[in-house]
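Note that ligands are numbered from 1 as they come in the structure, with each ligand's atoms numbered from 1 the same way. This is a predicted model, so every value here is computed, not measured. Throughout, numbering of the chain's residues begins at 1 and tracks the sequence.
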Amino acid sequence: MSKAIRIHQTGGPEALVFEDVTVPAPAAGEVLLRQGAVGVNYIDVYHRTGLYPAPLPCALGLEGAGTVEAIGDGVTDFRPGDRVAYANPPIGAYAERRVIPAHRLVKLPDSISETQAAGMMLKGMTAQYLLRRTYRVQKGDTILVHAAAGGVGLLLCQWAHHLGATVIGTVGSPEKAELAKAHGCHHPILYRDADFVAAVREITQGIGVQVVYDSVGIDTFERSLDCIKPLGMMVSFGQNSGKVPPFDTGILAAKGSLFLTRPTLMTYTAARADLVSMATELFDVVQSGAVKVEISRTYPLAEAAQAHRDLEARRTTGSLVLLP
Ligand SMILES: NC(=O)c1ccc[n+]([C@@H]2O[C@H](COP(=O)([O-])OP(=O)(O)OC[C@H]3O[C@@H](n4cnc5c(N)ncnc54)[C@H](OP(=O)(O)O)[C@@H]3O)[C@@H](O)[C@H]2O)c1
């Protein structure tokens, strides 16, 4: 027996139940993990509410780090005792122990703790593909990052700053503005008080930005398009305020032949070679000190519901981690 946080039905944070589960032995190609730390991500809220369907009942969570306890037949890349991390389906990270396919794991460098890994694997590999592949940020670019003090946001700001970009970021409070600024955001904008389109126009002297990274969704999507220079890119990668409604692509023409993409980490990490190279690049920027993983709060695994409440109430900054 082992403990996990599961949902039996979709709903609010109260749907999260801390309970005993049976953990099977690892099947062929699988690994049994004892988890030291588990990442909390906004996608966990979408699974909990049913916005993204999950098979019920299920343990939530897509990100964790721990030690290999046992391996199934055919696993050659990992051995019991290895420290590993992951940020992918199958869902089920909110657990003390779990089985997971070996080909979705990466080995953790000695200098990166399990808690740090749980705070950065999913958000950090997301920052990697957004900045390095979806739109390849160049020195001299000006970019806009929404929710710049959030989990993905703080990583995007630091990494883009490191790449030589000028970073404009939206934030929900003066404290978040200070935090974003301390993490590479040159121009924080308080988007609950100020018109962020006007602010971006002023900062860029009417030119606009090369790319917008928008995880806020319905509240910011349309106005974000007014921040982009002709031939620039709109990257809509999340929906914390609600799903973006169906969209007339003619608007992209009218606003300057813009590119629009709705990417997911799962597509970018689908091939194991990509997963490994993305994780390696993330470990490199973290080990070099260019990007710091800000874990603003840890919670006992049993208190996952409180982590969800805090995340949804916009009370958090950086990454949240559950400790089994
Ligand atoms: N597509 C992908 O591959 C991918 C991968 C990872 C994450 N994501 C997405 O990226 C986003 C960020 O994820 P995260 O885990 O790092 O979370 P997060 O950014 O820390 O999310 C919380 C923050 O979102 C902002 N927010 C704006 N409007 C909100 C609203 N109506 N309700 C709640 N929060 C609101 C708040 O910041 P302010 O107070 O500053 O507004 C809040 O503190 C999520 O949408 C997630 O699904 C996508």
May I ask you to decide if G238's main-chain N or O and Y42's side chain share a donor-acceptor pair within less than 3.5 Å? no
Could you pull out, from N240, L311, V216, the option with a heavy atom nearest to atom 30 (C) of ligand 1? N240
To check your reading of the model: name the closest protein heavy atom to atom 16 (O) of ligand 1, its residue, and the distance in Å. V152 N, 2.8 Å
May I ask you to check whether F247 and F221 place their ring centers less than 6.0 Å from one another? yes
Shortest protein contact, atom 46 (C) of ligand 1 (heavy atom only): Y42 CB, 3.8 Å
Quick check: does Y129 get an N/O under 3.5 Å from an N/O on ligand 1? yes
Counting only N and O atoms by type, is there a donor-acceptor contact under 3.5 Å from the side chain of Q35 to the main-chain atoms of A95? yes
If we set the cut-off at 4.0 Å for heavy atoms, which region of P263 has an atom near ligand 1: side chain, backbone, both, or neither? backbone
Given that the side chain starts at C-beta and the backbone is N, CA, C, O, which of these parts of V40 lies under 4.0 Å from ligand 1, counting heavy atoms, or is it both or neither? neither
Any non-hydrogen atom of Y268 lying under 4.0 Å from ligand 1? no
Could you check atom 11 (C) of ligand 1 against the protein and tell me its nearest heavy-atom contact, residue, atom and distance included? S215 CB, 3.3 Å
Are H161 and H183 an aromatic pair, judged by ring center distance below 6.0 Å? no
Give the residue and atom name of whichever protein heavy atom lies nearest to atom 48 (C) of ligand 1, and the separation in Å to one decimal. F237 O, 2.9 Å
What's the shortest distance from atom 47 (O) of ligand 1 to any protein heavy atom, and which residue and atom give it? Y46 CE1, 3.3 Å
Verify, without hydrogens or angle tests, whether R6 (side chain) and L56 (backbone) share a donor-acceptor contact under 3.5 angstrom. no
When you measure from the heavy atoms of A149 to every atom of ligand 1, does any distance fall below 4.0 Å? no
Please confirm whether H146 approaches ligand 1 to less than 4.0 Å, judged on its heavy atoms. no
Among protein heavy atoms, which sits nearest to atom 37 (O) of ligand 1, and what does the distance come to when rounded to 0.1 Å? K176 NZ, 3.5 Å
Can you report which non-hydrogen protein atom sits closest to atom 36 (C) of ligand 1, along with the distance? R314 NE, 3.8 Å
Hey, is the main chain of V216 close enough, under 3.5 Å, to the side chain of S241 for a donor-acceptor pair? yes
Purely on distance, is any nitrogen or oxygen of Y191 under 3.5 Å from one on ligand 1? yes
What part of E312, side chain, backbone, both or neither, has a heavy atom within less than 4.0 angstrom of ligand 1? backbone
Quick one: look up the protein heavy atom nearest atom 5 (C) of ligand 1 and list residue, atom name and how far away it is. T126 OG1, 3.1 Å
Salt bridge or not for E312 and R48, using N-O below 4.0 Å? yes
